[in-house]
Every structure is written in C-alpha cells, then in structure tokens.
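Counting starts at 1 for both ligands and their atoms, in listed order. Note that the structure is predicted; figures quoted are calculated from it, not measured.
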Amino acid sequence: MSNIVIVGTQWGDEGKGKIVDLLAEFADIVVRFQGGNNAGHTMVVNGEQIISHLIPSGILQKKTCLIGNGMVVDPGVLKEEADYLISKGVPVGPDNLRISERTHLIMPYHKQIDLAREKMKGDKKIGTTGRGIGPAYEDKATRRGVRFVDLLEPNTFSEKVRTLSDEKNFYLSHYLSSETVDADQIIDEYAKYAERFAPHVTNVSVAIAQAIRDGKQVLFEGAQGTHLDIDHGTYPFVTSSSTVAGNACCGAGVGPKDITGVIGIVKAYTTRVGAGPFPAELFDQVGDTIQKKGAEFGATTGRRRRCGWLDTVMLRNSARLNGITGLAITKLDVLGGLESLNICTAYQYEGETLNDFPASLNVLSRCEPVSETLPGWAEDISGMRRTADFPENTRNYLRRIEELVGIPIQIVSVGPAREETIVLNNPFS
Ligand code: GDP
Ligand code: IMO
Ligand code: MG
C-alpha cells in the first residue's frame, strides 16, 4: 500500500492540482494539510477547467476528500466552492468531504488585516493573496485562533468572536487606519456556515488511520511550494505555513512511517507570483514568450507570474527538504519552439560559487545564476504520449534535470488536460 505526498518544489503553481487529480484515480483518500484559499489548483477534465482553492483536487475523481487540521479555511469560500462544484454535477457532501474539527477558521478581520498591512507596506509589500492567511496562522500560533470545533459550540464561538473583534478593531482602526468589523454580523454569518458544515466536521486523523488500517491509499496534496515555506523559503517573502512534505504528517495527523513516497512537482521552468528574489528570472523577450505561451497568470489572484529558467539549486534544495522520491515535470510543452534553454546549476555571489540556497535575502537577491545551455526543440510535444517519441533535445533536457537533481522523473506533463500526461512510473504501483 502506498501513501504519497505531493509537494511543489518551486514557488507554487507547478501544476500540483493537475497531478493530484491524475493520481487520485489510484488513491482512496485525498487530503490537504496546509494553506488555505491562497492556493489555486487547476484541473482540466473533459475540456473543462476547474480551479480548487480549498477542496482537495481528488474531488473530480470522486474520492473522499479531507481538509486537514493544518489548513486555514474561510468558510464562505468553502461554501462557494462546494456550491460551484455541485452546480457542475460534482457531488460534495458530508460523505465525501470531511473537515478536521481542529482546522482553524479565517475570520473577516484576518482578511482586513492582511489587506491593510500590505497597503501600509507600500512597495515593501510581500504581495500576499489578501486572503487573510498570515493573520489566521498568526492567531493560531498565539493561541487566539477559532477552530471548526468552536464553530459548532455557539456560546464558545460568540464569546471568542466578541473578545477578538474588540482587539482586532483597535488594531485595525488605530494602527492600520482600516475599517473595523462587526462582531454580531460575524456571529450571524458564521452561524449559517456552522449549520452547513457541521455534518462534515470530524476527527480527520482518526479517519486516515482507520483508512490506512483498512488497506486504503492516501494522497497528501501540498499547496504553495517549498520556497514559499515559512522556515525554508525566501523568508519573509513566503506564505505562513510549512509547505514541505514533513508537514503532511503534522497537518493531517499521521506519523512519518505512514508516508511511502514524495513526488516533487517541477515546472519545466520557474515562475513566481508576488515579491521576493528570483535569481533565474528573465526580463527579456524569452521570459515574455514563456509567460504568454504558458498562460502564466495566477489561478487565485489573476496576477501575471514572473518567469525564469529552470533553477536546479532550488530543486536540489527541495529534494533534500522534502525527501523527494520522484519528480513530476510539468509544462514541458511550453518550452517547445525556443532555440536554446538555460538551466541554472549554481549561483555566483561576489566571485564565489554557491551550490546551496542561501538564507540571507541580501545574498540571494545579489546572486547571479551559473547556467548551462542546452539546445531547444521546435516540435509541439503536447500530442505525444511516450517520451520515446520526444525529440532528442527534449529527452536530453529531461535527462539533464535528473542528473542535476539526482532524482528520477516519474511523470511528464505535456498539457493542462488529465490525459496530456506520460506516467513513466506510477508512485501508487
Ligand atoms: P498548482 O497551484 O500547482 O496546482 O498550479 P496552477 O493550477 O496554479 O497552475 C498551473 C497551470 O498550468 C494551470 O493553468 C494548469 O492548467 C496548467 N498546466 C498544468 N500542467 C500543464 C502542462 O503540462 N502544460 C501546460 N501547457 N499547462 C499545464
Ligand atoms: P498554489 O497552491 C503561488 C504567494 C503569494 C505571496 C506569498 C504570501 O496555487 O501553488 P499569502 O497570501 O500566502 O500570505 O501570500 O505567497 N502564494 C502563492 N504563490 N502559488 C500559491 O499557491 C501561492 N500561495 C501563496 O503570491 O507571494
Ligand atoms: Mg496555483
């Protein structure tokens, strides 16, 4: 039996949603273990595109989907997403969507604080998604968070919201010069979410343990990417959760020995949304071409994604931090038509070669990529279903990635649709 974790190896938007949707066919349960609706995971099935922000990307494969304790959930967004899927004929009910009683809620004041702080920072802003993610995790860490279990206890919930709203309103009005929130309005609004989601709330850790005992297979769906991790990413230009594979255990409530493999999703080039250093970033025509051909716009905020060459310093960092056992290369089709391709293999900093990702942003922002250049290919590979059919230069590009990262490629994606994929070695087999 296999239990596989999927993580992004770069700065998010690697194509995790597509690969989770694909592999969910072989799993019984799909669980998200961190992040919230800052994520935007795209699936393309039967010509239709569906973007999930909170509900695990196993929902279209009609698998049991679990929202782990490590997530932060905006219940209004969850309701909208569930209703949207239902309107598309995808069943979403207490039988197939379970929410951990320990999952923290995103509250209206979290969103307001997130937006007002970013506004106040001006050009020093992080470029958050504005969904209240940071302030929600902050309250979790300072033990002032509100959890689904509280939502189901109306008196506890009202008391918490009143006390917290007082404090947040002081901060919002006096420090952030922002509008305040109305505690009564929040209590009324969230009472409706309590009614809607009460039947979904459960002990997710117990549910997973039971499933594993019954011989079922679990797919853990990471959000964001390794370099947006709160500890290991380009701090402070990161998200507020731990995005690495180890957090699948903490954020879902399982022990490390239950994880049998970790698939690192690698976009065939690099993108980043929001601010922060990006050594292999392209500012020229090639970057523009990749951005356009790859339709690199954020699935959550619609922002243009910054584009650059593949960076194997980042990928080696990810391989180590996540214990990656196999790679899934996505968007390889986008690179077709480029005369040559660069791969960043190390960084140059003040005459020194760095092979590992530096912690200091002052250092990172002054790193120059050390690159090697490989010949490109002109062919459109999106219709190909065997790597043997790929042009030789495409195969060489893949082989070089494996050599530089030291991890085998198990999946190659050549288009957004589920079937535009080549599975070389199924992690569930
Ligand atoms: P995620 O956040 O990691 O799930 O990735 P996103 O959904 O935010 O962004 C990935 C984008 O690339 C989506 O629009 C996908 O439909 C698209 N995509 C995924 N794999 C491929 C691929 O192999 N080729 C192309 N052209 N597009 C892809
Ligand atoms: P998926 O799961 C890309 C980025 C934001 C910002 C930083 C902090 O779709 O790959 P936050 O709102 O989390 O406090 O923003 O993190 N970010 C993402 N970038 N993909 C994501 O998710 C992201 N989630 C957050 O752009 O730079
Ligand atoms: Mg995304």
Side-chain angles (χ1 to χ4, degrees), residues 6-22 32 34-45 48-54 56-57 71-72 74 106 110-111 113-115 117-118 125-138 221-230 233-241 243 264-278 290 292-306 328-336 380-382 384 411-422:
I6 299 276
V7 286
T9 57
Q10 295 151 319
W11 279 296
D13 303 328
E14 297 90 350
K16 299 175 292 294
K18 168 178 168 164
I19 303 298
V20 170
D21 167 70
L22 177 90
R32 275 253 336 245
Q34 47 72 231
N37 59 313
N38 46 351
H41 294 180
T42 313
M43 298 161 272
V44 178
V45 181
E48 186 161 15
Q49 183 192 67
I50 292 193
I51 299 175
S52 72
H53 300 284
L54 288 169
S57 306
M71 286 186 74
V72 285
D74 182 330
I106 294 184
H110 291 139
K111 276 179 279 186
I113 291 171
D114 192 2
L115 293 168
R117 272 188 189 153
E118 285 279 281
K125 68 179 181 192
I126 289 166
T128 71
T129 58
R131 304 301 198 254
I133 306 296
Y137 276 116
E138 197 174 310
E221 175 180 5
Q224 289 80 55
T226 300
H227 294 83
L228 287 172
D229 181 272
I230 183 85
T234 46
Y235 190 90
F237 297 98
V238 293
T239 190
S240 296
S241 66
T243 61
I265 314 296
V266 177
K267 197 180 278 188
Y269 47 93
T270 314
T271 62
R272 171 162 212 172
V273 213
F278 181 170
I290 292 175
K292 287 201 182 76
K293 193 166 174 205
E296 293 295 352
F297 290 99
T300 296
T301 56
R303 289 177 291 174
R304 192 178 194 273
R305 294 176 182 147
R306 301 153 64 192
I329 308 292
T330 61
K331 303 194 90 159
L332 191 60
D333 53 305
V334 174
L335 296 179
D380 174 7
I381 62 165
S382 60
M384 299 179 186
I411 297 170
V412 180
S413 170
V414 293
R418 193 187 274 168
E419 61 278 9
E420 288 173 316
T421 324
I422 299 166

**Item:** Atoms of ligand 2, numbered as shown, that sit under 4.0 Å from any heavy atom of Trp11
**Value:** 3 (C), 19 (N)
**Message:** At less than 4.0 angstrom from any non-hydrogen atom of Gly274, what atoms of ligand 2 do you find?
**Reply:** 27 (O)
**Fill in**
For Ala299, the atoms of ligand 1 under 4.0 Å from one of its heavy atoms are 8 (O)
**Asked** Non-hydrogen atoms of Gly12 versus ligand 1: any pair closer than 4.0 Å?
**Response** no
**Fill in**
Residues Asp229 and Thr243: closest non-hydrogen pair is OD2-N, 2.7 Å
**Prompt:** Looking only at N/O atoms, are Thr330 and ligand 1 under 3.5 Å apart anywhere?
**Reply:** no
**Main-chain N/O of Thr9 paired to His227 side chain as donor or acceptor, under 3.5 Å** = yes
**Complete:** Here the N/O/S atom of Asp13 closest to the Mg ion (ligand 3) would be OD1
**Prompt:** Any idea which part of Lys18 is under 4.0 Å from ligand 1, heavy-atom wise: side chain, backbone, both or neither?
**Reply:** side chain
**Asked** Is ligand 1 less than 4.0 angstrom away from at least one heavy atom of Gly8?
**Response** no
**Prompt:** What part of Ile51, side chain, backbone, both or neither, has a heavy atom within less than 4.0 angstrom of ligand 1?
**Reply:** neither
**Item:** Under 2.8 Å: N/O/S of Gly40 next to the Mg ion (ligand 3)
**Value:** yes
**Fill in**
Phe297 and Gly302 have their tightest heavy-atom pair at CD2-O, 3.7 Å
**Prompt:** Polar-atom distance check: Gly40 versus ligand 2, any N or O pair below 3.5 Å?
**Reply:** yes
**Request:** Identify the two heavy atoms, one from Pro277 and one from Phe237, that lie closest to each other, and give their separation to 0.1 Å.
**Result:** CD-CD1, 4.1 Å
**Item:** CA sep, side-chain torsions, deciding dist, call: Thr234, Arg272, side-chain hydrogen bond (donor to acceptor under 3.5 Å, both in side chains)
**Value:** CA-CA 12 Å; Thr234 46; Arg272 171 162 212 172; 3.1 Å; yes
**Asked** Given that the side chain starts at C-beta and the backbone is N, CA, C, O, which of these parts of Asp13 lies under 4.0 Å from ligand 1, counting heavy atoms, or is it both or neither?
**Response** both
**Asked** Who's the nearest protein heavy-atom neighbour of atom 4 (O) of ligand 1, and how far?
**Response** Gly17 N, 2.8 Å
**Message:** For the 3.5 Å polar cut-off, considering only N or O atoms, please tell me whether Lys16 and ligand 2 meet it.
**Reply:** yes
**Asked** Against heavy atoms of Ala223, which atoms of ligand 2 measure under 4.0 Å?
**Response** 2 (O)
**Message:** Using a 4.0 Å cutoff against the non-hydrogen atoms of Ile126, which atoms of ligand 2 qualify?
**Reply:** 27 (O)
**Request:** Could you list the atoms of ligand 2 found under 4.0 angstrom from a heavy atom of Ala39?
**Result:** 1 (P), 2 (O), 9 (O), 22 (O)
**Other residues, nucleotides, ligands: >12 heavy atoms within 6.0 Å of Tyr235 OH** = no
**Nearest-0.5 Å distance, CD1 of residue Ile422 to CG of residue Leu332** = 8.5 Å
**Item:** Protein heavy-atom partner closest to atom 20 (N) of ligand 2 - residue, atom, separation in Å
**Value:** Asp13 OD1, 3.1 Å
**Asked** Taking only heavy atoms of Gly415, which atoms of ligand 1 are found under 4.0 Å from at least one of them?
**Response** 20 (N), 21 (C), 22 (C), 23 (O), 24 (N), 25 (C)
**Item:** Nearest neighbour in protein (non-hydrogen) for atom 27 (O) of ligand 2
**Value:** Val273 O, 3.2 Å
**Item:** Name of the residue among Glu420, Met384, Glu419 meeting side chain to side chain contact (heavy atoms under 4.5 Å, CB included) with Val414
**Value:** Glu420
**Prompt:** Looking only at protein heavy atoms, which one is nearest to atom 2 (O) of ligand 1, and how far off is it?
**Reply:** Gly40 O, 2.8 Å
**Request:** Please write down residue, atom name and distance for the protein heavy atom closest to atom 12 (O) of ligand 2.
**Result:** Thr129 OG1, 2.6 Å
**Message:** Within this structure, what is the CZ-NE2 distance for the pair Arg32 and His53, rounded to the nearest 0.5 Å?
**Reply:** 10.5 Å
**Request:** Go through the side-chain N and O atoms of Asp114 and Thr128 and say whether any donor and acceptor fall under 3.5 Å apart.
**Result:** yes
**Item:** Top protein contact for atom 15 (O) of ligand 2, by heavy-atom distance
**Value:** Thr128 CA, 3.3 Å
**Request:** Under 4.0 Å from a heavy atom of Gly127: give me the atoms of ligand 2 that qualify, with their elements.
**Result:** 5 (C), 6 (C), 26 (O), 27 (O)
**Prompt:** Backbone or side chain, does any N or O of Gly15 fall under 3.5 Å from an N or O of ligand 1?
**Reply:** yes
**Item:** Contact partition for His41 relative to ligand 2, non-hydrogen atoms under 4.0 Å
**Value:** side chain
**Fill in**
Checking heavy atoms under 4.0 Å, the part of Phe237 that sits near ligand 2 is neither
**Asked** Which ligand 2 atoms, with their elements, are less than 4.0 angstrom from a heavy-atom of Arg303?
**Response** 5 (C), 26 (O)
**Item:** Whether Ser413 side chain and Thr421 backbone form a donor-acceptor pair below 3.5 Å
**Value:** no
**Asked** What about Asn38: any of its N or O atoms under 3.5 Å from an N or O on ligand 2?
**Response** yes
**Distance-minimising heavy-atom pair for Leu335 and Ile290** = CD2-CD1, 4.2 Å
**Request:** Considering heavy atoms of the protein only, find what lies nearest to atom 15 (C) of ligand 1 and give residue, atom and distance to 0.1 Å.
**Result:** Thr42 CB, 3.9 Å
**Fill in**
Numbered in order shown, the ligand 1 atoms found under 4.0 Å of a heavy atom of Val414 are 23 (O), 24 (N)
**Prompt:** Which value, rounded to the nearest 0.5 Å, describes the distance between Asp13 atom CG and Leu228 atom CG?
**Reply:** 8.5 Å
**Complete:** The closest protein heavy-atom partner of atom 26 (N) of ligand 1 is Asp333 OD2, 2.8 Å
**Request:** Could you tell me whether some N/O pair between Thr239 and ligand 2 is separated by less than 3.5 angstrom?
**Result:** yes
**Ser413 and ligand 1 - part of the residue with a heavy-atom distance under 4.0 Å** = both
**Asked** Looking at ligand 1, does Arg305 have a heavy atom less than 4.0 Å from it?
**Response** yes
**Prompt:** Against heavy atoms of Val238, which atoms of ligand 2 measure under 4.0 Å?
**Reply:** 7 (C), 8 (C)
**Item:** Criterion salt bridge (charged side-chain N to carboxylate O under 4.0 Å, His left out) against Glu296, the qualifying member of Arg306, Arg305, Arg303
**Value:** Arg305
**Request:** Check Gly415 against Asp333 and note the closest heavy-atom contact, atom names and distance.
**Result:** N-OD1, 3.7 Å
**Request:** Among all protein heavy atoms, pick out the one at the shortest distance from atom 27 (N) of ligand 1; state its residue, atom name and that distance to 0.1 Å.
**Result:** Lys331 CE, 3.4 Å
**Heavy-atom nearest neighbour in the protein, as seen from atom 17 (N) of ligand 2, with distance rounded to 0.1 Å** = Leu228 CD1, 3.7 Å
**Distance filter under 4.0 Å to Val334 heavy atoms, resulting ligand 1 atoms** = 26 (N)
**Request:** Provide the closest heavy-atom pair for Pro135 versus Arg117 in the form atom of the first, atom of the second, distance.
**Result:** CG-NH1, 4.0 Å
**Request:** Indicate yes or no for a side-chain donor-acceptor contact from Lys16 to the backbone of Gly225 under 3.5 Å, with no hydrogens or angles considered.
**Result:** no
**Request:** Look at atom 23 (C) of ligand 2 and say which protein heavy atom is nearest, naming residue and atom and giving the distance to 0.1 Å.
**Result:** Gln224 CG, 3.6 Å
**Side-chain donor-acceptor contact under 3.5 Å, Glu221 with Ser57** = yes
**Prompt:** Counting only N and O atoms by type, is there a donor-acceptor contact under 3.5 Å from the side chain of Thr330 to the main-chain atoms of Glu14?
**Reply:** yes
